[in-house]
Amino acid sequence: MKSILVVGGAGYIGSHMCKYLSRHDYHPIVLDNLVYGHRQAVKWGTFVRGSTSDSGLLRKLFADYTIEAVMHFAAFCYVGESVTNPAKYYENNVVNTLALLEVMVEYRVSNFIFSSSCATYGEPVQIPIREDHPQKPINPYGKTKLMVEQILEDFRGAYGLESISLRYFNAAGADPDGELGEDHDPETHLIPLVLETALGKRPCIEIFGENYPTKDGTCVRDYIHVEDLAQAHLLALERLFNGLPGGVYNLGNGDGYSVKEVVEIARNVTGKPIPARVVEKRPGDPAVLVGSSEKAMDELGWRPQFPDLSTIVKTAWNWHKDNPNGYGG
Ligand code: UFG
C-alpha cells in the first residue's frame, strides 16, 4: 500500500481526500496542526499533529515512512482576511509550502499535488475560464496560490519535483455517506450558511448585492462536489505515478448558478423557507466565475459524479442536519 502525505488532511477537502485514498488502497498520513482542521475528521490512515513550518518534524516523517507523494491542502482560505492580514497568508500559504517542498527535495520525494484556486485568475476576461486565461489575482489569497504554482514550475525544472496544480472553483457538498462535512469557523461560504439558516441557526441568509450583470443580478459561481475534487486528485496522482508530465487543471462543472438560484435550490432540498435579504456587495467578488474543465476530462479522465447542484446541496444538507454543531458534537 502506497503512503501519501496529506497535509491539511483534517480540513474540509483534505478529510474527504483521505477517505477516498483509503477506499482506493492508499495509506493517507495526515499532517495537520488543527488550527482550522478537526481531529474528528481524521478517520482514515495515520494522524500526525504538526505544521509544515516544523522542518524537523517533516524530516522525521519522510525518514520514518516511505512517502510516495504529497498532497497539500493546508492553506488559509479567507479571501477577506488575506486583504487585511496578508502577512498571515504569505507566511502560511507560501513560506510554509516552500519549507515543505525543500524537505521533499532533500528526501527525493518527487510527486506533489497542489490545491490551487480559480482565485489565481482574478477578474475573468473570458467565460468559461480556461487554464490559459491570464492570471492576475486581485487579493493576497489568490496571489499566494499563484506564487506556489510558480515555485512549482521552477522546482520541476531545477530539482525534478513533478507536480500538478488543481485550480478548484467553488468546492461544495459533503461525503455522500454522511461521515464528513464542511465545518469552518468562522463560516463564510454560501452553501453552509444557507443550510445553517435552514436549520434555524441564523435568522436569514444575506445576499451580497443584486445589481451584478448576471441573469438575476446576483453573483454566479461554479460549484463542484468535494468528492469529485478527491477523484481528480487521485487521477492526478496516478498520472504522476505513470510518469506522465504534470501541469495545471481547472476543476469545476462548467455550470454557473446565481446566489438566488442556490438559495432556491436549498429551499427545495430542505423544505425550509430560508429567509433571505439583499445587503451590500462584498468587496472583491467577481460577477461570474465559471470554469472549463475539459483539460482535466481529456487528460486525467476526470468524470464528476455529482454535477447536479441539487445533489451537491443534498449531500451537504444531510451532514448539516445530522451534525448541527459541526464536528463540535
Ligand atoms: N455569498 C452571499 N452571501 C453569503 C456568502 C456568500 O451572497 O453570506 C455569495 C458571494 O458573494 C459569492 C457566492 O455567494 O458570490 C459564493 O461565495 P463563497 O464565499 O461561498 O465563495 P467564493 O466564490 O467567494 O470563494 C470561493 C472559495 C475561495 C476562493 C474563491 C475563488 O471559497 O476560497 O472561490 O474566487 F478563493
Side-chain angles (χ1 to χ4, degrees), residues 8 11-14 36 73-83 86 89 92-93 114-124 127-129 133 135-146 148-149 165-173 182-184 186-198 201-226 229 250-253 255-266 274-291 309 312-313 316:
Y12 170 45
I13 304 172
Y36 288 112
F73 298 89
F76 293 152
C77 69
Y78 294 111
V79 172
E81 184 187 52
S82 80
V83 176
Y89 281 71
N92 184 59
N93 295 9
F114 176 57
S115 302
S116 189
S117 168
C118 64
T120 59
Y121 294 115
E123 275 295 339
I127 296 287
I129 298 171
H133 185 286
Q135 286 182 293
K136 292 187 181 156
I138 55 172
N139 51 61
Y141 167 74
K143 289 180 191 170
T144 66
K145 292 288 177 179
L146 179 56
V148 173
E149 284 195 9
S165 294
L166 298 172
R167 297 178 185 153
Y168 313 158
F169 282 71
N170 285 57
E182 183 170 10
D183 180 6
H184 294 112
E187 188 54 81
T188 61
H189 295 97
L190 179 64
I191 291 176
L193 289 175
V194 167
L195 297 178
E196 287 180 12
T197 311
K201 292 177 69 183
R202 293 173 188 269
C204 74
I205 181 73
E206 296 185 333
I207 295 176
F208 298 151
E210 64 173 349
N211 65 349
Y212 285 95
T214 58
K215 44 193 162 185
D216 61 16
T218 64
C219 287
V220 168
R221 293 288 181 273
D222 182 345
Y223 295 90
I224 179 74
H225 194 274
V226 62
L229 292 179
N250 283 343
L251 298 178
N253 277 311
D255 295 322
Y257 290 90
S258 74
V259 175
K260 285 187 178 171
E261 284 175 331
V262 171
V263 175
E264 198 48 44
I265 285 171
I274 313 185
R277 74 185 175 101
V278 177
V279 299
E280 282 298 294
K281 284 183 176 178
R282 186 171 68 178
D285 270 341
V288 180
L289 283 174
V290 175
L309 188 58
I312 293 176
V313 172

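Both counts, for ligands and for their atoms, begin at 1 and track the order of listing. Being a predicted model, the structure only gives us computed values, none of them experimental.
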Enquirer: Just to confirm my output: which protein heavy-atom neighbour is closest to atom 16 (C) of ligand 1, and how far is it?
Expert: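 So the nearest neighbour among protein heavy atoms is Tyr223 OH, 3.7 Å.
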
Enquirer: May I ask you to identify, for Leu289, whether its side chain, its backbone, both or neither come under 4.0 Å of ligand 1 on a heavy-atom basis?
Expert: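 Only the side chain of Leu289 comes within reach of ligand 1.
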
Enquirer: Provide, to 0.1 Å, the distance between atom 3 (N) of ligand 1 and the closest protein heavy atom, together with that atom's residue and name.
Expert: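 That would be Glu206 O, 2.7 Å.
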
Enquirer: Is the closest N or O pair between Ser117 and ligand 1 shorter than 3.5 Å?
Expert: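 No; every N/O pair is 3.5 Å or more apart.
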
Enquirer: Taking 4.0 angstrom as the limit and counting only heavy atoms of Asp285, give me the atoms of ligand 1 inside it, by number and element.
Expert: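 By the 4.0 Å cutoff, the relevant atoms are 10 (C), 11 (O), 24 (O).
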
Enquirer: Provide, to 0.1 Å, the distance between atom 15 (O) of ligand 1 and the closest protein heavy atom, together with that atom's residue and name.
Expert: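 Result for atom 15 (O) of ligand 1: Cys219 CB, 2.9 Å.
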
Enquirer: If we ignore angles and hydrogens, is there a donor and acceptor under 3.5 Å between the side chains of Glu81 and Tyr89?
Expert: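 Side-chain D/A pair, Glu81 to Tyr89: present.
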
Enquirer: Does the gap between the ring centers of Tyr36 and Phe76 come in under 6.0 Å?
Expert: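 Judged by ring-centre distance (under 6.0 Å), Tyr36 and Phe76 do meet the cut-off.
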
Enquirer: Regarding Asn139 and Tyr78, do their side chains bring together a donor and an acceptor under 3.5 Å, going by distance alone?
Expert: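 Per modelled atom types, Asn139 and Tyr78 side chains form no pair under 3.5 Å.
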
Enquirer: Considering the heavy atoms of Thr188, write down every atom of ligand 1 situated less than 4.0 Å from one of them.
Expert: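 The atoms of ligand 1 under 4.0 Å from a heavy atom of Thr188 are 5 (C), 19 (O).
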
Enquirer: Could you check which of Leu190, Val220, Ile191 puts a non-hydrogen atom nearest to atom 20 (O) of ligand 1?
Expert: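 Checking each option, the heavy atom nearest atom 20 (O) of ligand 1 is found in Leu190.
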
Enquirer: Which residue supplies the protein heavy atom nearest to atom 2 (C) of ligand 1, what is that atom called, and how far is it?
Expert: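 Going by distance alone, atom 2 (C) of ligand 1 is nearest to Phe208 CD1, 3.3 Å.
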
Enquirer: For ligand 1, which atoms sit closer than 4.0 Å to a heavy atom of Leu193?
Expert: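 Once the distances to Leu193 are compared, the set is 8 (O).
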
Enquirer: Distance to 0.1 Å, residue and atom name: give those for the protein heavy atom nearest to atom 34 (O) of ligand 1.
Expert: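 For atom 34 (O) of ligand 1, the nearest protein heavy atom is Asn170 OD1, 3.8 Å.
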
Enquirer: Using salt bridge (Lys or Arg N to Asp or Glu O under 4.0 Å) as the criterion, list what pairs up with Lys143, not counting sequence neighbours.
Expert: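 If we apply the salt bridge (Lys or Arg N to Asp or Glu O under 4.0 Å) test to Lys143, skipping adjacent residues, there are no hits.
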
Enquirer: Any idea which protein heavy atom is nearest atom 36 (F) of ligand 1, and the distance to it?
Expert: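 For this ligand atom, the closest protein heavy atom is Tyr141 CE2, 2.8 Å.
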
Enquirer: Could you tell me whether atom 30 (C) of ligand 1 has at least one protein heavy atom nearer than 4.0 Å?
Expert: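 Answer no: nothing from the protein, no heavy atom, is under 4.0 Å.
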
Enquirer: Please work out whether the ring planes of His184 and His189 are parallel, tilted or perpendicular, with thresholds of 30° and 60°.
Expert: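 Correct class here is tilted.
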
Enquirer: Kindly determine whether Gln135 and Thr120 satisfy side chain to side chain donor-acceptor pair (under 3.5 Å), including the steps that lead there.
Expert: CA-CA 6 Å; Gln135 286 182 293; Thr120 59; 3.1 Å; yes

Enquirer: How about Lys215: does its NZ atom have over 12 heavy atoms from other parts shown lying under 6.0 Å from it?
Expert: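 Count over threshold, so yes.
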
Enquirer: Can you tell me the protein heavy atom closest to atom 32 (O) of ligand 1 and the distance?
Expert: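 Going atom by atom, the protein heavy atom closest to atom 32 (O) of ligand 1 ends up being His189 NE2, 2.8 Å.
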
Enquirer: Do any nitrogen or oxygen atoms of Val79 come within less than 3.5 Å of a nitrogen or oxygen of ligand 1?
Expert: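 It does not: no N or O of Val79 is found under 3.5 Å from an N or O of ligand 1.
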
Enquirer: Compute both the distance and the angle, then confirm whether Lys281 meets the cation-pi test with Tyr212: under 6.0 Å from the six-membered ring centre, within 45 degrees of the axis.
Expert: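 Geometry flag: set, cation within 6.0 Å and 45°.
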
Enquirer: By number and element, which atoms of ligand 1 are closer than 4.0 Å to a non-hydrogen atom of Ile205?
Expert: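 Close to Ile205: 8 (O).
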
Enquirer: Give the residue, atom name and distance (to 0.1 Å) of the protein heavy atom nearest atom 17 (O) of ligand 1.
Expert: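 It is Arg282 NH2, 3.5 Å.
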
Enquirer: Within ligand 1, which atoms have a heavy atom of Cys118 less than 4.0 Å away?
Expert: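 Counting atoms of ligand 1 from 1, those under 4.0 Å from Cys118 are 31 (C).
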
Enquirer: Is the shortest side-chain N to carboxylate O distance from Lys260 to Glu210 below 4.0 Å?
Expert: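 Yes.
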
